[in-house]
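Beneath this line is the structure, given in structure tokens, with notes to follow.
Nothing fancy with the numbering, it's 1 onward along the sequence.
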Amino acid sequence: MNPNNKQGLSKKDYADYEFIVKEIGRLLSLGGPKELLDYYRTHQADALFGTLPTEDGRSFPCSYEGVERFRQIVVRGVDALGLAGKKHSVKVLTHALKEKFVREAKEITANTTAENAHELFLCVAREEEAKHEELTHYIPCAVVTDRTPDRFAIRPVNFVLREIFMEENDDALRKEADSYPHGEFELQELREFFSKYSWVALVKAPPCDPEVSKARARLAIQRALNLIKLFFPSDRTRRVAQAGELTTPVNTSWLVSSDARGFTLSWSRRGLDAILTDNWFEQISAFDQWKIAEWVILTSWERWDEVPEPYQRFLDGLAWHGDAVSEPDAQARTIKFWTAIERVVSLRDSDPVVKRAALFSIETPGDYEARLKQASTLYTRRSMILHGSARYKDKRSIETASKTEDLSRRVLLSYLTNVVSLVRLRENATREDMTRLFQHFHSVIRGS
């Protein structure tokens, strides 16, 4: 860390610690428990969020603003750590800093100065980093009904049929369950939870805070599932999801009654997994666009820093498209699909979104005018929905959403081929480079 930067951080941290100490002293000076309760009645934020944890499980009085200063110190410190800071959880570090401050209050207040105050945060960060370890996450998922192959990978995520996973790991799971009193109950709960899904996704995350590790794993899995949603239509992949994601219910029961008949019960059951073609993975993974997309996902996974903008725009567009596929409301689907489109073709507010959407959706130059007309119509419908002139549940909504989905898919796949694949050789591509590329494509089409 730059010594000058560290000195500046120490001054800011010291000012925050001084404020915290004053707030603690102010509340303690109120008197006994009765006076403190009277104060809390008129200062609810301090009552609810203005305490510090102690080793015996009780709390130490502070103000809400004082407690927030701990978080301010951590956010500032994590940012100063750069890429190493991304491996930490602000929530965990803040809690650890509070505990250390209360536990070692006398020593800290006696030895902390404006020149060394940042060392306290660094000490806590080192202690937490020492606990970091490589973790493999296992998340049940709804993917595809086809059981061939029974294992496949969308790097960095591996998928395996749930019954194969449970059989292969049965002994290890039972051994873990036998190692503590309530283990058998927890194993039973896990089996029941996993039984609702046909697949298990496995992803090994590098050493970092457990919550950060889980978030990275879930993001990688979601990107892999979104890639499947991109290549196959929503009527098949709408319920493709990892456990814990909100999706359209598949098992439903209805209860109605009438004066003449009393109660009437009905029910429906649908499968979660997508019904795709035989040998679907072998076929789809051979496509160049699939290989490029998988490469972008893997590149993002392997880095702690930001990926080049063209790659991030695709990942964002992929996320919006995947979210739209699982969206039950047709008008909301249209908005989300257009957001996916705009994320990859629009670099600034004034960009010609419709023209670029048409450009990236053509198969041959001769298709441009027809695609431009269709994209313009769909964008008008999107604007009517977004700005309120379209009636909710308009009868055209489902058709509009379907056509916009097709446009979004075409645009994202074309973006992979015409932008991402070209800038892979130059990772420092700027927005200006992308603008010139868009303009070049458009001039070629218009000149044909």
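- Looking at K98 and V102, their side chains never come closer than 4.5 Å, going by heavy atoms from C-beta outward.
- Aromatic ring pairs are classed by plane angle as parallel below 30°, tilted from 30° to 60° and perpendicular above 60°; the pair F281 and F152 is tilted.
- Between R333 and E327, the closest heavy-atom pair is NH1-O, 3.0 Å.
- At most 12 non-hydrogen atoms from other residues, nucleotides or ligands lie less than 6.0 angstrom from CZ of F49.
- Minimum heavy-atom separation, I335 to R382: CD1-O, 3.7 Å.
- No more than 12 heavy-atom neighbours from other residues, nucleotides or ligands sit within 6.0 angstrom of CD1 on I275.
- Side chain of D351 to backbone of V353: no donor-acceptor contact under 3.5 angstrom is found.
- Within a 6.0 Å radius of CZ in R162, other residues, nucleotides and ligands contribute more than 12 heavy atoms.
- Between L412 and A340, the shortest heavy-atom distance links the atoms CD2-O, 4.3 Å.
- Checked by atom type and distance alone, the side chain of N111 never pairs as donor or acceptor with a backbone atom of N116 at under 3.5 Å.
- A side-chain donor-acceptor contact under 3.5 Å links R409 to the backbone of L230.
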Check the pair F70 / I20 against side-chain contact (heavy atoms from CB on, under 4.5 Å), numbers first and verdict last.
CA-CA 8 Å; F70 283 104; I20 292 166; 3.6 Å; yes

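- Residue-environment remark: CD (E168) exceeds the threshold of 12 foreign heavy atoms within 6.0 Å.
- The minimum heavy-atom distance linking Q312 with V307 is given by the pair OE1-CG2, 3.4 Å.
- The environment of E134 atom CD is dense: over 12 non-hydrogen atoms of other residues, nucleotides or ligands sit within 6.0 angstrom.
- You'll find the side chain of I228 reaches within 4.5 Å of the side chain of I154, heavy atoms only.
- Between K100 and E127, at least one side-chain N (NZ, or NE/NH1/NH2) sits under 4.0 Å from a carboxylate O, which counts as a salt bridge.
- By the 6.0 Å and 45° rule, R216 stacks over the aromatic ring of W304.
- Taking a 6.0 Å sphere around OH of Y180, one finds it holds more than 12 heavy atoms contributed by other residues, nucleotides or ligands.
- Although no hydrogens or angles enter the test, the distance criterion places no donor-acceptor pair under 3.5 Å between the side chain of R313 and the main chain of V344.
- Here E128 pairs with K131 in a salt bridge; the nearest charged N to carboxylate O distance falls below 4.0 Å.
- Under the 3.5 Å distance criterion, with hydrogens and angles disregarded, no donor-acceptor pair is assigned to the side chains of S10 and D13.
- At least one donor-acceptor pair closer than 3.5 Å links the side chain of Y415 to the backbone N or O of P310.
- Looking only at distances, no side-chain donor or acceptor of R174 sits under 3.5 Å from a matching main-chain atom of A177.
- With hydrogens and angles left out, the side-chain atoms of S300 and R223 include a donor and acceptor closer than 3.5 Å.
- Remark: K373 does not engage E369 in a salt bridge, criterion side-chain N to carboxylate O under 4.0 Å.
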Can you give each donor-acceptor pair under 3.5 Å made by side-chain atoms of residues 85-94, sequence neighbours left out, with the distance rounded to 0.1 Å?
residue : atom : partner : partner atom : Å
S89     : OG   : K91     : N            : 3.3
S89     : OG   : V92     : N            : 3.2
T94     : OG1  : V90     : O            : 2.7

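- No donor-acceptor pair closer than 3.5 Å links the side chain of R238 to the backbone N or O of S326.
- Around the CD atom of E282, the shell of radius 6.0 Å holds no more than 12 heavy atoms that belong to other residues, nucleotides or ligands.
- Surrounding CD of E104 are more than 12 heavy atoms belonging to other residues, nucleotides or ligands, all under 6.0 Å away.
- For the pair R155 and E294, the salt-bridge criterion is met [side-chain N within less than 4.0 Å of a carboxylate O].
- With hydrogens and angles ignored, the 3.5 Å screen pairs a side-chain donor or acceptor of T237 with a backbone N or O of P233.
- Using the six-membered ring where Trp is involved, Y17 and F101 have ring planes that are parallel, under 30° apart on the 30 and 60° scheme.
- Between K229 and D323 there is no salt bridge, since no side-chain N of the basic residue sits under 4.0 Å from a carboxylate O of the acidic one.
- When all heavy atoms of V78 and F121 are compared, the closest pair comes out as N-CZ, 3.6 Å.
- With hydrogens and angles ignored, the 3.5 Å screen pairs a side-chain donor or acceptor of S179 with a backbone N or O of E176.
- Under a 4.0 Å N-O distance rule, the pair D406/R410 qualifies as a salt bridge.
- For the residue pair D273 and C141, the shortest heavy atom distance occurs at OD1-O, 4.3 Å.
- Side chain to side chain, S408 and K336 fail the donor-acceptor criterion of an N or O pair below 3.5 Å.
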